[in-house]
Q: 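Would you mind keeping the following structure in view while I ask a few things?
Every number for a ligand or one of its atoms is a count from 1 in the order of the listing. For the numbers below, each heavy atom of this structure counts, side chains included, while hydrogens, waters and symmetry mates do not.
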Amino acid sequence: MTTIAVLGAGKIGEALLSGLLRGGRSAGELLFTERHPGRVAELTERYGVEGVDVGDAARRADVLVVAVKPQDIEPLLDELAPAVKPGALVVSLCAGLPTSLYERRLPEGTPVVRVMPNTPMVVGEAMSAISAGRHAGPGHLSLVEELLRTVGKVARVPEGQQDAVTALSGSGPAYFFYLVEAMIDAGILLGIPRDLSARLIVQSAIGAARMLDRDEHPVILREAVTSPAGTTIMAIRELERHGVRAALLAAIEAARDRSAELGRAHEEG
Ligand SMILES: NC(=O)C1=CN([C@@H]2O[C@H](COP(=O)(O)OP(=O)(O)OC[C@H]3O[C@@H](n4cnc5c(N)ncnc54)[C@H](O)[C@@H]3O)[C@@H](O)[C@H]2O)C=CC1
Ligand SMILES: O=C(O)[C@@H]1CCC=N1
């Protein structure tokens, strides 16, 4: 039996716990740690998984999944370092944090895999990108892939691309939610009741996502909606006039830069 401990059961940590359970892992194979006693009780009641302290998790788990905010990593590593089991695999879900940080702070030879997941994990539709650290071999990558496939899709990427991946798919769902929010407001502007506007836009988003999922090119799909002298081209002209495409390029570049900055905050010296 492989014991998996989720260290920090917030939004992503809880999504992973629930996904692993849905994917067939038993509650007895899972552990989690949380700072707040109320949160421990809530999650234990909801999932039947045992909440333990970080030292206990490190002593018992074969796979330690780190899901705290990057800003909270240092005290966690202080607790983890003296207790981690020889050969245990560390899986980091933290934005920006390089595998070298864990390798420096944990016992020599600890295998580390860096992952960038996203919140659609809660509906089994995560996009996760994984990269091996210095001591992680093909078996470690395959194990992480197997775990993450229970909550969505997985791609292997060189670690040097992880900051860009974080900006694209890690934060990506937020851009779509933002767009949906703005489009629902447009319905309000046009006099449509909010609940109807939300239904129109959300179902349009679901339908568009399903069409994209058939590997059809987004340009072809958009052109099929855009009739000569029709309604869509009038909207597209406004989007171009307001620089929405350039704004997206700049926004995603800014997110990439922030991910790199989060990693640099933990550099040695
Ligand atoms: N929210 C998102 O969309 C995504 C988040 N991530 C990464 O996942 C990590 C977690 O993010 P969220 O779940 O959004 O944050 P969150 O704030 O919801 O969860 C973090 C949890 O860790 C707990 N925690 C902090 N220090 C702890 C410690 N020493 N021991 C035990 N528990 C501790 C906190 O109490 C909190 O519940 C971050 O590093 C973030 O970069 C990655 C991809 C997407
Ligand atoms: O905003 C953040 O820092 C996290 C990482 C990727 C998505 N959310």
Q: Please find the pair of heavy atoms, one from Ser26 and one from Leu21, that lie closest to each other, and give the distance.
A: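 Reported closest heavy-atom pair: C-CD2, 4.0 Å.
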
Q: Rounded to the nearest 0.5 Å, how far does CD1 of Ile130 lie from OG of Ser92?
A: 13.0 Å

Q: Residue by residue, ordered by chain and number, which ones reach under 4.0 Å of ligand 2 with a heavy atom?
A: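 Residues Ala95, Gly170, Ser171 each place a heavy atom under 4.0 Å from ligand 2, listed by chain and number.
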
Q: Checking salt bridge (charged side-chain N to carboxylate O under 4.0 Å, His left out) for the pair Glu240/Arg237: CA distance, chi angles, key distance, verdict?
A: CA-CA 5 Å; Glu240 297 294 358; Arg237 180 175 62 176; over 6 Å; no

Q: Which atom names give the shortest non-hydrogen contact between Val40 and Gly51, and what distance separates them?
A: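 Val40 and Gly51 have their closest heavy atoms at CG1-CA, 4.0 Å.
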
Q: Charged N to carboxylate O below 4.0 Å: is that the case for Arg258 and Glu253?
A: no

Q: Scan side-chain atoms only and decide if Thr99 and Glu159 contain a donor-acceptor pair under the 3.5 Å cut-off.
A: yes

Q: Taking atom types as modelled, find out whether Thr3 and Glu29 have a side-chain donor-acceptor pair closer than 3.5 angstrom.
A: no

Q: For the residue pair Glu74 and His266, confirm or rule out a side-chain donor-acceptor distance under 3.5 Å.
A: yes

Q: Apply salt bridge (charged side-chain N to carboxylate O under 4.0 Å, His left out) to residues Asp53 and Arg60 and explain how you reach the verdict.
A: CA-CA 11 Å; Asp53 64 34; Arg60 291 168 59 185; over 6 Å; no

Q: For ligand 1, list the protein residues that place a heavy atom within a distance below 4.0 Å of one of its atoms, sorted by chain and number.
A: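 Its neighbours under 4.0 Å (heavy atoms only) are Gly8, Gly10, Lys11, Ile12, Thr33, Glu34, Arg35, His36, Val54, Ala67, Val68, Lys69, Pro70, Asp72, Leu76, Leu93, Cys94, Ala95, Met116, Pro117, Thr119, given by chain and number.
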
